[in-house]
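For reference, the structure discussed in these notes is given below.
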Amino acid sequence: MWSVGGGKGGVGKSIVAASLAYWLGQAKHRVVLVDGDLGGANLHTLLGIRVPRLTLEDYLLHRVEDLEDALLETPFEGVRLLAGGYDVASLANPNYGQKARVLRALNRLRADHILVDLGAGTSLNVLDFFLASPHRLVVMAPQPTSIQNAYGFIKAALYRQLARIVAKVPEAAAVLGGARGEGGPTRTAPELIAEMARRAPDLGDRLAAVLPGFRVRLVVNMTHNLHDAQTAEVVGGVCQRYLGIAVDALGAIPVDAAVERWAATMDPACFLRPGVDGARRGAYDIAARMAAPPAKAA
Amino acid sequence: MLDGDLVLPMPAQPGPLDDAALAGAFKAGGPPALGDVERLFNAYLSEREPARAAALLRIAAAAGLDVAWLRALLARMLLASGACGAPRGGLVASLRARGTDGAWSALARAELALAPFPLAPAEGQWLVCRQVAASDGAEGGLALVLNGIAPSRRPVLEPDERRQDARLPQHLAAACTFAADDDSSLTVRGEVVDVSDTGLRVRIDNRFGSLEPDRQPGQRMQIEIPDPQGGAQLTLAGEVRWCRPERAGRKRVVMVGVQCEDAHQPGLAALAGLVAQGKGDQRFLWNLWEAFVTSR
């Protein structure tokens with residue numbers, strides 16, 4: 001399962017998620033695309049479905065017992081969609097039980113890849129779905145504000161994971177609270193973890209395992225040139241320095257008039273042209289890297 | 001080959017670089033990885049150091065690495081940029097008249113020999129000269145263009161390879177679509193590795209793992225090649241004659257031999273013309289950068 005997040009709206013998360021799903025499906029992999037924007041679902045419109053017949057809401061409200069039955073066919077070969085509920089305020093803030101039920105059901109789906117297109121922002125629900133995925137992808141644009149947002153999103157996700165570990169030890173949890181406070185030098189994540197471990201020695205092993213296991217991959221969307229594509233390395237460098245985590249660049253997707261038409265018209269046919277160039281090529285390469293088995297350690 | 005082509009076998013002769021000494025130096029530190037060579041090559045090109053790039057490729061080749069496509073790329077770049085001197089009318093005819101040894105000697109004395117790309121390939125390699133139509137209405141409607149160095153050795157035929165003629169080495173990005181038995185299709189990225197009169201060889205990205213080399217032969221395959229200079233896309237189709245897995249760095253790739261259908265022979269000739277005019281993939285730096293990123 002891949003979660004596709006990003007700090008802010010407008011960077012093209014949904015388009016990127018749909019493009020990746022397209023190529024994975026095109027390569028004969030079974031793909032489920034999940035609209036994880038629980039408060040403002042619209043991935044279905046991007047795929048040319050004006051009113052989804054079934055949505056995640058039907059599953060949460062037990063109108064459908066098997067999540068497989070809530071999946072919709074899409075114009076993309078091999079790609080099925082789990083549409084989000086739309087205009088349903090209660091869905092925007094599912095409780096713990098609902099989230100756990102959805103995650104369990106997602107993991108049982110008959111699919112080679114599940115792509116969860118998350119909503120914008122750093123709400124706890126967004127971060128929890130992001131952290132629940134074994135593979136995490138952050139989409140950013142090459143602008144400075146987007147670079148900041150991408151870093152902020154990754155940092156928020158990391159702190160959320162740490163906060164969950166120390167939730168029952170107020171003295172340790174207070175360290176994170178202090179890290180967000182005013183004044184004083186900025187403390188890096190490894191420094192915070194060391195402090196938390198001192199205050200909660202029983203959690204030392206779990207805390208120590210967070211940074212080595214925290215993997216995020218970046219996609220730079222709407223690039224104009226090689227320099228734009230390399231902005232992922234800026235975020236990676238800052239994450240390494242201040243968060244102590246390795247962030248990999250998974251690829252870049254160039255600006256493409258066809259994709260802009262797709263976003264403007266909500267007609268996926270704009271993406272279904274022959275050839276592998278422009279944004280199609282960028283998405284192809286990223287999808288191929290997602291599909292490839294991990295390299296064996298030397 | 002096309003009518004009018006002249007194919008010259010290269011004699012063995014030492015180049016301006018002492019290959020043996022350089023290769024020895026390389027071996028002292030262990031043979032380089034192909035990915036490292038590509039990165040260094042990329043860096044040299046970025047720094048406008050074609051001489052160093054050429055030397056690097058010669059060293060890498062001496063160390064046993066297959067850098068044929070990089071050499072072809074460099075040769076085409078130099079020709080396209082004018083670094084090797086302008087094409088000269090009468091060159092092919094002149095060379096043809098001199099015979100193999102005489103032609104090579106003439107080339108060695110020509111302006112081209114002074115270019116950073118050394119005109120001293122190893123024995124067994126081939127130089128292809130092609131006469132192509134001029135685009136700028138040169139006198140007589142034809143211009144004679146030195147096609148460049150064809151660094152591939154005289155074809156080493158694959159077990160199922162039917163093409164007996166010489167091939168022009170390539171690095172042209174392509175979209176390859178396989179038609180499956182169930183009317184579905186599979187589109188993957190590839191690059192045309194060489195072209196001949198009857199077909200082409202394509203290196204195909206199989207990172208998705210969707211291609212099964214044992215099952216591809218006999219299938220119909222369509223190849224779409226965008227004109228690197230923004231012209232009309234070229235579409236070819238044919239039958240997969242053979243398909244075998246090949247590893248290139250960490251990527252999973254398969255090599256495919258395609259015999260073009262008769263209806264696509266004009267397209268194949270057009271592709272050969274594209275090649276002969278030195279038009280390669282203009283996105284090669286991007287490709288190399290991608291290779292650099294993904295190989296880390």
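What you see is a predicted model, and the numbers here were worked out from it, not measured in a lab. Numbers restart at 1 for each chain; the letters A, B, ... are given by sequence-line order, proteins then strands.
Contacts between B/S185 and chain A at a heavy-atom distance below 4.5 Å involve backbone atoms as well as side-chain atoms.
Contact between B/D205 and A/A288 at its shortest, heavy atoms only, is OD2-CB, 4.2 Å. The two residues B/R252 and A/A291 come nearest to each other via the heavy atoms NH2-O, 4.3 Å.
Atom CZ of residue A/R289 and atom CZ of residue B/R207 lie 5.5 Å apart, to the nearest 0.5 angstrom. The CD atom of A/E77 sits 9.0 Å away from atom OG1 of B/T187, with the distance rounded to the nearest 0.5 Å.
No side-chain donor-acceptor contact under 3.5 Å links A/K28 to the backbone of B/G209.
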side-chain contact (heavy atoms from CB on, under 4.5 Å) between B/V188 and A/Q26, worked out: CA-CA 9 Å; B/V188 286; A/Q26 215 285 328; 5.8 Å; no

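Partners of A/Y284 under the ring-ring contact (aromatic ring centres under 6.0 Å, His included) rule, at least two apart in sequence or in another chain, are A/W23, B/F208. With sequence neighbours excluded, the residues forming a side chain to side chain donor-acceptor pair (under 3.5 Å) with A/E68 are A/R80, listed by chain and number.
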